[in-house]
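Here is the naming used below: chain letters follow the sequence lines, and residue numbers restart at 1 for every chain.
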Amino acid sequence: MKEEIKKIVLAAAAKAFKQGLLISEKFPSIEFEEPKHETQGDVSTNFAMISASVQKRAPRKIAEAVIPFIQTSNTTNSSIIKKVEIAGPGFINFFLCDEAWHSIIETIFIQDNKYGSSNLGNNKKVQVEFVSANPTGPLHVGHGRGAAVGDATANILAFAGFDVQKEYYINDSGRQISTLGKSVWLRLLEQEGKEIDFPGDCYQGEYIKDFAKEILLEKGNSLLEKEETEAISECAKYSADHILNGIKDDLKSFGVEFDQWFSEQSLYDSSSVQKTIDGFKSKDIIYEKDGALWFNTEKYGDEKDRVVVRSNGVTTYFASDIAYHIEKFDRGFDRVIDVWGADHHGYIQRINACIDAYGRDSSEQFDVILVQLVNLLRGGKPCAMSTRAGEFVTLKDIVAEVGKDAARFMFLSRSYDSKLDFDLELAKEKSNNNPVFYVQYVHARISSILQKAEDQNLINNQNIEWHEDLNEFVNSLRKNEEIKLIKILSLFGENVEKSAQTLHPHIIFTYLMTLAQAFHSYYNKHKVITENKEISLGRLILITAVKKVIRNGLGLLGVSAPERM
RNA sequence: GCGCCCGUGGCUCAGCUGGAUAGAGUACCUGACUACGAAUCAGGGGGUCGGGAGUUCGAAUCUCUCCGGGCGUACCA
């Protein structure tokens, strides 16, 4: 809609220039927006204010010069503009005809589950890597937030025209895995009645003991007879595999499906890490000092250089990370997005460094979404959680308790820049307090009305098929609340684009809340099924359009749109 | 010390690529079910947008500075 108004304004401005009413035909990048107050029209532009310096005249004078060239429905039947006004410091406000909005409904029906999508991404290849939790323990709340954010962001980017791949990076190499093996091994010995000293840096959770039991049952004494290092590595492999499978299951029941699970170990197996190090060495970006290999990250904006291979010959986590990120670009992604816990923010600079050193532009091609902490609450009180003791509420527990939809919606309700209070009691509540029900209720309520309409033979199918003749009924939508609803429906696409551009999925959440609020309000004020068949049909079409947009929006967030609740 | 995030009604947060009178929810009051689903709606009170300075026709939004909170600052991952 804004685009159409923009064309009209620019055309009018050009005419005004031709007639000598404006000095310049340069029109700066002007903006169109919905004013906050209804008295300020449907669409508003800052054209006159922005042009003030170029035209060397007061904004209101500029507006006065241009407005006469804008046709309204008073003089021209085909115009979608009812009235134009100059307001405040020089805004030009447009009041549109009801008919201008009606066409949105047809678009929604025709585009259906594609309504709101766009070509913004131009099919650019983007990878979103998220969760990527170490396979050393079950996923907890924090991972849940990362999973919801990563998954929704990827969905939104895909909807906005990017070619998106979702990936999970498995840290199946390095020290944390051997620590896992050691932890299980020690518990195993303990169960065999041996005196052990269980170090603080080993994994403390009960699940470690469970693995020890399982392994003992499965492999029996053969393991005990082996050399300790070999036994530990067997314990590590067994446990990591099982934990990873658990993670996969948990994510699946959380509604997250990855396109690729990428193994860190594979980077070593394919010598990718070594080749990457050699490559940078030959360019003197990696150099030797004090017996270790260092990456010259400081040159690329980091505070200091970072070790890639320790003096004991062992690679650091950073080494495989360099190889991994470079390989992402080698795999053909134009853009790479990582979702991390905010406590890892210190890593951004060094990853930027290796991407830039590789000849890519990290500022254009690499983004890190930093997800802030989650405070888990129960009835307003903090849930005791201690990672050290290995006792935490797992993602699995949360999904089991409140359900996938409530959990995801809650995680996406706020910007990931802010910490999040997640209240388990609230997430289960069936009320206004709980946003997921508020929005899903719209969908269920509409389904229920459509069912009733079908029962009364007003429509012969709840899934109303679009036909041009239906425009006649749409045309009967004249109530304020109806036009307001359509306006909100018309904004879905630009909200998706904004969400994709800023990588902020909560924008979709906020949009859905606004739409839901407008629908509930409309519902309470006007009966859909009335004595008047024409009006009833018009309204049934309208609410079907609302239903489609709610479904599309919830779909982006990975939340279901139920017919009944 | 340095770096990142946050600071908006009592509480939890939107709004932040500058726009007009700063919005929701919650809580607190008051109303609406012989009803297409009350898991809903309508109305009311409640704000120095952490403080200060700057840029601008215009600042919650951009810049600087200070204050407060969280996180990070390894040859850990």
Side-chain angles (χ1 to χ4, degrees), chain A residues 29 31 33 35-37 39-40 44-46 49-50 52-53 58-59 87-91 93 134 136 171 173-177 179 201 289-294 302-304 306-318 320-321 341-349 368 370-373 377 380 413-421 423 426 429-438 440-442 444-453 455-456 458 498 501-502 506-507 509-511 513-514 516-517 519-530 536 539-540 543 564-565:
Chain A
S29 65
E31 280 166 24
E33 58 176 20
K36 286 179 201 150
H37 303 275
T39 55
Q40 296 165 346
S44 170
T45 180
N46 58 0
M49 277 135 48
I50 292 280
S53 61
F91 288 101
N93 293 339
N134 292 342
T136 53
N171 294 109
S173 169
R175 200 160 94 179
Q176 75 279 4
I177 295 296
T179 304
D201 63 348
K289 192 183 87 180
D290 303 334
L293 287 181
W294 299 71
D302 201 2
E303 312 171 349
K304 51 178 277 194
R306 308 286 174 179
V307 169
V308 178
V309 181
R310 283 173 271 179
S311 50
N312 63 7
V314 178
T315 52
T316 62
Y317 177 93
F318 182 41
S320 45
D321 248 6
D343 52 341
H344 287 80
H345 76 261
Y347 265 74
I348 296 177
Q349 279 308 322
V368 179
L370 289 175
V371 182
Q372 298 289 330
L373 285 181
L377 308 174
S413 65
R414 307 290 183 220
S415 165
Y416 49 72
D417 287 331
S418 299
K419 64 176 172 52
L420 177 74
D421 289 336
D423 195 313
L426 184 75
E429 220 172 278
K430 296 181 174 181
S431 76
N432 206 353
N433 302 9
N434 188 350
V436 73
F437 286 101
Y438 189 75
Q440 285 185 321
Y441 187 40
V442 172
R445 211 172 204 184
I446 291 172
S447 302
S448 169
I449 300 169
L450 291 168
Q451 174 69 56
K452 182 168 178 177
D455 293 346
Q456 297 185 1
L458 256 170
K498 190 176 176 194
Q501 275 164 340
T502 59
H506 78 275
I507 289 172
F509 170 93
T510 307
Y511 171 80
M513 291 298 281
T514 307
Q517 141 72 29
F519 172 78
H520 285 311
S521 176
Y522 171 63
Y523 172 90
N524 273 277
K525 187 152 181 188
H526 301 288
K527 258 181 101 76
V528 173
I529 298 171
T530 66
S536 302
R539 290 179 177 173
L540 287 166
I543 65 169
R564 265 179 294 279
M565 295 170 67

### Task
Go ahead and write out RNA chain B as dot-bracket, 5' to 3': ( ) for pairs within the strand, [ ] for ones crossing earlier pairs, | when the partner sits on another strand, dots for unpaired; Watson-Crick or G-U wobble, both distances under 3.5 Å.
(((((((..((((.....[...)))).(((((.......))))).....(((((..]....))))))))))))....
### Task
With C1' as the reference atom in both, quote the distance from rA24(B) to rG46(B) in angstrom, rounded to an integer.
14 Å
### Task
Answer with yes or no whether Ser418(A) presents, from its side chain, a donor or acceptor under 3.5 Å of a partner atom in the base of rC6(B).
no
### Message
Taking the C1' atom in each of rG72(B) and rC76(B), what is the distance between them to the nearest angstrom?
### Response
14 Å
### Nucleotide nearest Asp421(A) when distance is taken to its side chain, options rU12(B), rC5(B), rG72(B)
rU12(B)
### Task
Mind calculating the distance between CZ (Phe437(A)) and C1' (rA38(B)) to the nearest angstrom?
16 Å
### Message
Given the structure, check if the side chain of Asn93(A) and the base of rA20(B) hold any donor-acceptor pair shorter than 3.5 Å.
### Response
yes
### Task
Check every atom of rC76(B), rC16(B), rC13(B) against the side chain of Lys419(A) and return the nucleotide holding the closest atom.
rC13(B)
### Task
Ignoring hydrogens and angles, answer whether the base of rG3(B) and the side-chain atoms of His345(A) contain a donor-acceptor pair closer than 3.5 Å.
yes
### Query
What interatomic distance, in whole Å, is found between C1' of rU63(B) and the corresponding atom of rG45(B)?
38 Å
### Task
Name the nucleic acid region contacted by His37(A), choosing base, sugar-phosphate or nothing; use a 4.0 angstrom heavy-atom cut-off, strictly under.
base
### Message
Among rA14(B), rC71(B), rG19(B), which nucleotide has an atom closest to any side-chain atom of Asp343(A)?
### Response
rC71(B)
### Task
With the side chain of Ser448(A) defined as its heavy atoms from C-beta on, choose the nearest nucleotide among rC36(B), rG19(B), rC41(B).
rC36(B)
### Query
With a 3.5 Å cut-off and just heavy-atom distances, do the side chain of Ser44(A) and the base of rA20(B) make a donor-acceptor pair?
yes
### Task
Return the nearest nucleotide to the side chain of Pro35(A); candidates are rU40(B), rC4(B), rA20(B).
rA20(B)
### Query
rC75(B), rG19(B), rC41(B): which one has an atom nearest the side-chain heavy atoms of Val307(A)?
rC75(B)
